Amino acid sequence: MRAFARVWLALGIGLALGCAGPFPEPRAQSFLGAGPAERLTVPPTGDALRVSPPPPSRPEPGPPPRPDPGAEAARRLSVQATIAAARRFPAGTRGYRLAGEEDALQFPVFLTEAQARGPAARLRVSYLSAISVAPESSELTALVNGTKVGWTRIQAPGAVKVVEFALPEGLLKGGYNAVRFTASQRHRVDCSPEATYELWTQIDSSRSGLVVAPASDLDLKSLAALEPDESGALPVGVVLTEKPSLERLERMIGAVQAVALVGRLARPAVTFGPPIAGRTGVNLLVGTPAEIRGIEGVEEIGPVTGPKLALLAPRGNRAPVLVVTGTSDAEIRGAIATLAATGDAAGTPAGTRTASLTRGFSVSGGESLTLDRLGVATREFNGRLLRVGFEIRFPADFVPADYGKVMLHLAGGYAAGLDPSAQIVVDVNGRNAASVPLPYTRGEVFEDNAIPLPLSLWRPGLNRVEISAHLPMAADRACDMLAPSARQARFLFLDRTRLDIPALARATRSPDLAAIKAGAVPFVAEGVRPRLVLPTPDRDSADAAAMLAARLAIAAKRVIDFEVTSDERAPDGAVSLVVAPARALNPLTIEAVGLDPEQIRRIWEGRAETVATPGPFGTEGVLTLDRLRRNLPMRCALPPATMPLRVAAAAPVAPAPAPAPAPQAPRADADPDPLARWGENLRGTGSIPAVLGTAWGDLTRRAGQAREAVQGLLRWPVVTETVTVHPRASLIVAEGSGEKLGGRTVVVTAPNASMLKASVSCLVDPVVWTRLVGRAAFLDASDGSLSIVEPDRVELVETQPWALANFRLVSAAWLSLNPAFYVGMTLLMALCLGLATTSLVRQLGRKNR
């Protein structure tokens, strides 16, 4: 009977398996490298919320036919081939992440007239979201030039989702257009303010953009329409058929800077070599007619009789070619200057405003700005944590110190019933600047809530300010998303909130990389021609140097006239940017910026032979879901072999000679009366000799600090400690100090030439570049993290014509940076006042006899 039951059980299992069909094959990974196959949702009409098609009719009973792998692969290729390429968004300082309960990203996109008038334009967004985002109450909205073009539920926690929105005819215009994404996100299960930090939606820049036709009418005035690559960078291929001389390389780097200025917002990714192919980027051909002879299509530009610019249309798969030529070196330099001055800033009002705000609103001191001028709109918010951010660009020679405050005058209100812990927090460059409680349980409306923000938290160049309103309520503990109170507004933020900026001290700190990344100080100083030093002018080092020069030109807003040389020995007063692998540098050059050559050699010894070549998706060649979740810049990626294999040990120290045997002290456990010993120690602490000894030690320490401050004022030599190199660094950027704008040296180095190029490609990303400050910075190009070394002593170098008002501000800044000297001056003035008062009082009154 048991055997009969076993037979029937086996037959039942077999029939069940047969009805279910063959075992399913494992789902293939997407080309993103991790997770299940990608869900591609591209509606043919552009409606992201189209009704799902009816389910297919039920097939006849029986095992389904096994799919043909070849036919399935062909079908996928045919589907992907029908998806038109998109004009991608340029890289910006905010990256591509929408974080928190409400956030927004905006991109300026330049189009030619033919692209704007093209038929059936669409907006494509590819995104990945956190698993904690609740799709039923979270949505992503797209706007173009201020017009809402569509929205979709945020639901892509496991794979990248692609959605397209149709654009109304006539919405796009020639010139700059504003593309804006706003995200409203709510947590699945947690309603605390802390849980809002788990909410994010990451836009995949490689497959997002405006679906328009290629620019068939591209000309010299519309070079800003050149399309960026998957990382948001503009590929610039400098065409070479032979190794150039340093003089020709100098002209090429100048032309690369001009292209970067014309592109305005796209950061360049430069390669020297054969022409680049594809739809993105531009090829750059620089030289006299004899130097550029033999390049395909160059005969189309006609005879060259003076400075000349020409744009050759794409041929086959080759990107367009920009020709910069002339009969002599001077004429080529004139053509470069003409190229830098070309370009068209036209577009829609929203587009041109977005293009200007993307680089930050520029101020020089003494302004009063309402936040609507900075792109902030009035908002009513019903969530737990409201974050409002904007960016301001301070002058490159601004001195950050505690000699003044930026006043933020808040206008808005908050609802009744907030928790006593509710508050407003203001952060400047990621550091807490102020916090204001929201104390009234009945709510409040305020027109001018003044919040001071110290100037010491601001930096030269771009500064990001975030105003966060923490708005918890007792009802959040229940976390009922359907309750009526969940939709009631908790906070009102008005765009007439005002920012008052005081007069700013204008001088540059030395050393400080912030002035370099903000305005290319000191490479633009008058009367000093900067030197770009390439000790080993190989192709990778030249690529890195050209990208750095272009990034500095964008910061300076002009072409920097670099003298390209291979000689590290600089004449007196020269400013040098040295770009080379570490083993090609003179040890004296490394020591001039406060680094230890021997320490660098030990740390990078294991990576000196590693090859790292940045590609369109970074050096790894793929964009993984893990990298999207971690919000890493696409070009910040290194092969696993480039990770530190070991941390360099300290230098061996010779063993010290054994000391002579000393009399053995009694052990603590052999103390006959430990209580008495403790009593003696405690009594000794409060004794008069002990108090006098402590006071003398404090006086000696303060005197030493005052002496060092006086030495700094008089510019006496002060011993500077050598910077300790971070063991994970793949790139080092360091600046030497100087008493004038001239005579400074900036060193950019890596273990080898290929890693130098890969790391510089990561460094010039706007997200990474804006964090460059301090005396030295160590970049880990595998994830874009920067380790900063602040200077132990800074000098203020004059950059403006002498004026009493600026001298007063710079003096106040110097005193705030040197508090010991300020205290010494105060005591000295008090002593002088006392002596003067004594001498005057002594002559008054009647003496007692």
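It should be emphasised that the depicted structure is a prediction, and the values quoted were computed from it without experimental measurement.
Looking at every heavy atom in both residues, E331 comes nearest to T305 through OE2-O, 4.2 Å. For the residue pair V521 and I516, the shortest heavy atom distance occurs at O-CG1, 2.9 Å. The minimum heavy-atom distance between L731 and W604, with the atom names listed, is N-CZ2, 4.3 Å. The minimum heavy-atom distance linking A546 with I253 is given by the pair CB-CG1, 4.3 Å. The minimum heavy-atom distance linking F272 with M252 is given by the pair CE2-SD, 3.9 Å. Counting all heavy atoms, side chain and backbone alike, T536 lies closest to P581 at OG1-CD, 3.8 Å.
When side chains are defined from C-beta on, V593 does not count as touching V723, because their heavy atoms never get closer than 4.5 Å. For the pair V747/I590, no side-chain contact is recorded, criterion being any heavy-atom separation below 4.5 Å from C-beta on. At least one side-chain heavy atom of T241 sits under 4.5 Å from a side-chain heavy atom of I295. The closest side-chain heavy-atom distance from V733 to L779 is not below 4.5 Å. Side-chain contact check for T565 versus E250: every heavy-atom pair is 4.5 Å or farther apart. Counting only heavy atoms from C-beta outward, the side chains of L261 and L339 never approach each other to under 4.5 Å. Residues I732 and V748 have side chains not in contact (no heavy-atom distance under 4.5 Å, counting atoms from C-beta outward). By the 4.5 Å heavy-atom criterion applied to side chains, R124 and V162 are counted as neighbours.
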**Study point:** Audit row: N752, R583, side-chain contact (heavy atoms from CB on, under 4.5 Å) steps and yes/no
**Key:** CA-CA 8 Å; N752 54 44; R583 55 187 174 184; 4.2 Å; yes
Practice item. Assess whether side-chain hydrogen bond (donor to acceptor under 3.5 Å, both in side chains) is satisfied between T624 and D626, documenting all intermediate values. Key: CA-CA 5 Å; T624 63; D626 178 65; 4.9 Å; no
Exercise for review: Start with the C-alpha distance between S566 and L246, add both sets of side-chain angles, then the distance that settles side-chain contact (heavy atoms from CB on, under 4.5 Å), and finish with yes or no.
Suggested key: CA-CA 8 Å; S566 59; L246 293 180; 4.2 Å; yes
**Study point:** CA sep, side-chain torsions, deciding dist, call: T271, K757, side-chain contact (heavy atoms from CB on, under 4.5 Å)
**Key:** CA-CA 10 Å; T271 56; K757 176 184 177 180; 3.7 Å; yes
Exercise for review: I would like to know whether D540 and L756 meet side-chain contact (heavy atoms from CB on, under 4.5 Å); could you show each step before the answer?
Suggested key: CA-CA 7 Å; D540 287 338; L756 177 65; over 6 Å; no
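Checked options L322, L234, V259; the residue passing with L223 is L322 (criterion: side-chain contact (heavy atoms from CB on, under 4.5 Å)). For the salt bridge (Lys or Arg N to Asp or Glu O under 4.0 Å) with D229, the lone residue among R87, R88, R635 that qualifies is R635.
For the pair E735 (side chain) and R744 (backbone), a donor-acceptor distance under 3.5 Å is absent. Proximity of a side-chain donor or acceptor of N283 to a complementary backbone N or O of I276 within less than 3.5 Å is detected. The closest donor-acceptor contact from the side chain of S208 to the backbone of S126 lies under 3.5 Å. Side-chain N or O atoms of T327 include none that pairs as donor or acceptor with a backbone N or O of G306 at under 3.5 Å. Distance alone, capped at 3.5 Å, places no donor-acceptor pair between the R267 side chain and the G232 backbone. Side-chain atoms of T338 come within 3.5 Å of backbone N or O of G334 as a donor-acceptor pair. Using a distance-only test at 3.5 Å, with no hydrogens or angles considered, a donor-acceptor pair links the side chain of S730 to the main chain of A781. A donor-acceptor pair is defined here as one N or O able to donate and one able to accept, closer than 3.5 Å; no such pair exists between the side chain of K517 and the backbone of R771. Between the side chain of R97 and the main chain of R629, a donor-acceptor pair closer than 3.5 Å is present. Side-chain atoms of T749 come within 3.5 Å of backbone atoms of A582 as a donor-acceptor pair (strictly under, hydrogens ignored).
No salt bridge links R531 with D567; every basic N to acidic carboxylate O contact stays at or beyond 4.0 Å.
Taking a 6.0 Å sphere around CZ of R315, one finds it holds more than 12 heavy atoms contributed by other residues, nucleotides or ligands.
Summarising the geometry, atom CD1 belonging to I203 is positioned 11.0 Å from atom CG belonging to N631; distances are rounded to the nearest 0.5 Å. Atom OG in S754 sits 11.5 Å away from atom CG in D543 (nearest 0.5 Å). To the nearest 0.5 Å, atom CG of residue L772 and atom CG of residue L763 are 6.0 Å apart. Note that the CD atom of E299 and the CG atom of L312 stand 8.5 Å from one another [nearest 0.5 Å]. Rounding to the nearest 0.5 Å places CZ of F778 at 10.5 Å from CG of L786. Distance CG/L577 to CD/E563: 13.0 Å, rounded to 0.5 Å.
Residue pairs meeting the side chain to side chain donor-acceptor pair (under 3.5 Å) criterion with at least one member in residues 272-281, sequence neighbours excluded: E227-R279.
Qualifying side chain to side chain contact (heavy atoms under 4.5 Å, CB included) partners for P633, counting only residues two or more places apart in sequence or in other chains: C636, D765, V768. Partners of R251 under the salt bridge (charged side-chain N to carboxylate O under 4.0 Å, His left out) rule, at least two apart in sequence or in another chain, are E291, D329. Residues forming a ring-ring contact (aromatic ring centres under 6.0 Å, His included) with F107 (at least two apart in sequence, or on another chain): F89, Y96. For A555, the side chain to side chain contact (heavy atoms under 4.5 Å, CB included) criterion is met by no residue, not counting sequence neighbours. Not a single salt bridge (charged side-chain N to carboxylate O under 4.0 Å, His left out) links E568 to another residue, sequence neighbours left out.
Checked by atom type, the side-chain pair S782/D780 shows a donor-acceptor distance below 3.5 Å. Defined by atom type and a distance below 3.5 Å, a donor-acceptor pair is present between the side-chain atoms of S785 and D783.
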